A.B. asks: 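Have a look at this one.
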Amino acid sequence: MTGTLTVEQVGEHAERILDEVEKAVVGKRNALETVLLALLGEGHVLLEDYPGLAKTLIARSFAQVCEMQFSRIQFTPDLMPSDVTGSAIYDQRRGDFEFRPGPIFTNLLLGDEINRAPPKTQAALLEAMQERQVTSEGETRTLERPFLVIATQNPIEYEGTYPLPEAQLDRFLVRLGVGYPDRDQEWRMLERRLERGDDEITLQPVVDRATLVAMQRAVEQVYVSEPIGFYIVDLIAATRANGQVDVGASPRGSLAVMKLARCRAALFGRDFVTPEDVKSVAVPALSHRLMLRPELWVRRVRPEEVVLETLETVPTPAAEERART
């Protein structure tokens, strides 16, 4: 299905996508919704959690369900930028250099343990993530839409790693953790494995790439009222004024919150944003954009807590029905 979609159709497709992905990733609907919001918002995802919590499975499942080309890069200390972007290889038959595209030329790129690669290799992702293009050997090549990077990192292993600089963290639309399943969810996961009789999970395509791009475009139909817009601005300003924060969220943070709030409205088939949409996306959109004062790390204060505190202090505008003029 291609062409122009309505917001209601976006919500219907999104529901089917999530239902299919949830066949593989049990009991993590909220995390899956956040990943889908980033996909609809043409943004990138940083999954930060312990090993074995389905981070790779989430990326592969969305690729299957949305019929996207999928590539995976295992980031290691010896990984070179050309291993990501590709390089020119001399072709003896033609007597000339031929560009061999790297794994970044795909629709969904999984960057596994991104913080294990040196900064030069991490930087190779920056242009692709921001500009949707790759410049190599003096030539710029555009990446095909849709293009999404899902990067993972382990929050407990720091030896032999290179922390992501703020400039690269800011390129991710959302950061989130998956978390451990509860008792019932973990049993359901085991039960499904017994029923399948196989480790591999094959999911059915729900939408194709053209439909996914149409869903991304349809989000532009979602209306943001002036009170909601000022609410977003006030939230961002409050992070900058917070005494626990060295550096607050930038205007890119404002755009991220608005983009994700519009995507969440579309996810539920609404063509207008509510305060609840903004509150639901604030933590994954903003927590990785804040730099806390150094002494707070000793007290184990987390950026997520600062964002939640900000949501409690900034007045919420009254809910209103969409009213275009």
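Counting begins at 1 with the first residue of the sequence. Predicted model only: the values in this text are computed from it and were never measured.
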A.B. asks: Ignoring hydrogens and angles, tell me if any N or O in the side chain of Gln221 forms a donor-acceptor pair with the backbone of Leu5 under 3.5 Å.
C.D. replies: yes
A.B. asks: So, Glu220 and Arg262, do they make that salt bridge, N to O below 4.0 Å?
C.D. replies: yes
A.B. asks: When clusters are formed by joining ILVMFWY residues with side-chain heavy atoms under 4.5 Å apart, either directly or through shared neighbours, do Val245 and Val233 land in the same one?
C.D. replies: no
A.B. asks: If you apply the rule side-chain hydrogen bond (donor to acceptor under 3.5 Å, both in side chains), what do you find for Thr239 with Asn242, and how did you get there?
C.D. replies: CA-CA 5 Å; Thr239 68; Asn242 192 300; over 6 Å; no
A.B. asks: Between Glu20 and Lys23, does at least one N-O distance fall below 4.0 Å, as a salt bridge requires?
C.D. replies: yes
A.B. asks: Please confirm whether the backbone N or O of Thr106 pairs with a side-chain atom of Ser71, one donor and one acceptor, at under 3.5 Å?
C.D. replies: no
A.B. asks: Out of curiosity, does Phe268 fall in the hydrophobic cluster containing Val222 (side-chain heavy atoms, cut-off under 4.5 Å, transitive links)?
C.D. replies: yes
A.B. asks: Any sub-3.5 Å donor-acceptor pair from His44's side-chain atoms to Met129's backbone N or O?
C.D. replies: yes
A.B. asks: Flag the pair Glu22 and Arg188 as a salt bridge only when some basic side-chain nitrogen lies within less than 4.0 angstrom of an acidic carboxylate oxygen.
C.D. replies: no
A.B. asks: Do Glu42 and Lys259 sit within salt-bridge range, that is, some charged N less than 4.0 Å from a carboxylate O?
C.D. replies: no
A.B. asks: Taking the side chain as every heavy atom from C-beta outward, state whether Leu290 and Val307 have any pair of such atoms under 4.5 Å apart.
C.D. replies: yes
A.B. asks: Considering the options Asn107, Ile104, Thr142, which one meets the side-chain contact (heavy atoms from CB on, under 4.5 Å) requirement together with Phe147?
C.D. replies: Ile104
A.B. asks: Begin with the C-alpha distance, continue with both residues' side-chain angles, and end with the deciding distance and a verdict on side-chain hydrogen bond (donor to acceptor under 3.5 Å, both in side chains) for Glu305 and Gln244.
C.D. replies: CA-CA 11 Å; Glu305 297 169 19; Gln244 303 176 92; over 6 Å; no
A.B. asks: Compare every heavy atom of Ile114 with every heavy atom of Leu46, then report the nearest pair and how far apart it is.
C.D. replies: CD1-CG2, 4.4 Å
A.B. asks: So do Pro181 and Val26 actually touch side chain to side chain, heavy atoms under 4.5 Å?
C.D. replies: no
A.B. asks: Say whether Met258 and Phe230 are linked into one hydrophobic cluster, either directly or through other cluster members, by side-chain heavy-atom distances under 4.5 angstrom.
C.D. replies: no
A.B. asks: Using the side-chain hydrogen bond (donor to acceptor under 3.5 Å, both in side chains) rule, take Thr211 and Asp208 through it: C-alpha gap first, then chi angles, then the decisive distance, then the call.
C.D. replies: CA-CA 5 Å; Thr211 303; Asp208 57 19; 2.7 Å; yes
A.B. asks: Quick check: does any side chain N or O of Lys55 sit under 3.5 Å from a backbone N or O of Gln153, one acting as donor and the other as acceptor?
C.D. replies: no
A.B. asks: Can you check whether Leu37's main-chain N or O pairs, donor with acceptor, with Arg264's side chain at less than 3.5 Å?
C.D. replies: no
A.B. asks: Do Thr313 side-chain atoms and Thr310 backbone N/O form a donor-acceptor pair below 3.5 Å?
C.D. replies: yes
A.B. asks: Using modelled atom types only, decide if a donor and an acceptor are shared between the side chain of Ser87 and the backbone of Asp83 within a distance under 3.5 Å.
C.D. replies: no
A.B. asks: Honestly curious: do Phe105 and Leu79 fall in one hydrophobic cluster under the side-chain, below-4.5 Å linking rule?
C.D. replies: yes
A.B. asks: Output yes when a side-chain donor or acceptor of His288 lies under 3.5 Å from a complementary backbone atom of Phe172, and no otherwise.
C.D. replies: yes
A.B. asks: Flag the pair Arg29 and Glu15 as a salt bridge only when some basic side-chain nitrogen lies within less than 4.0 angstrom of an acidic carboxylate oxygen.
C.D. replies: yes
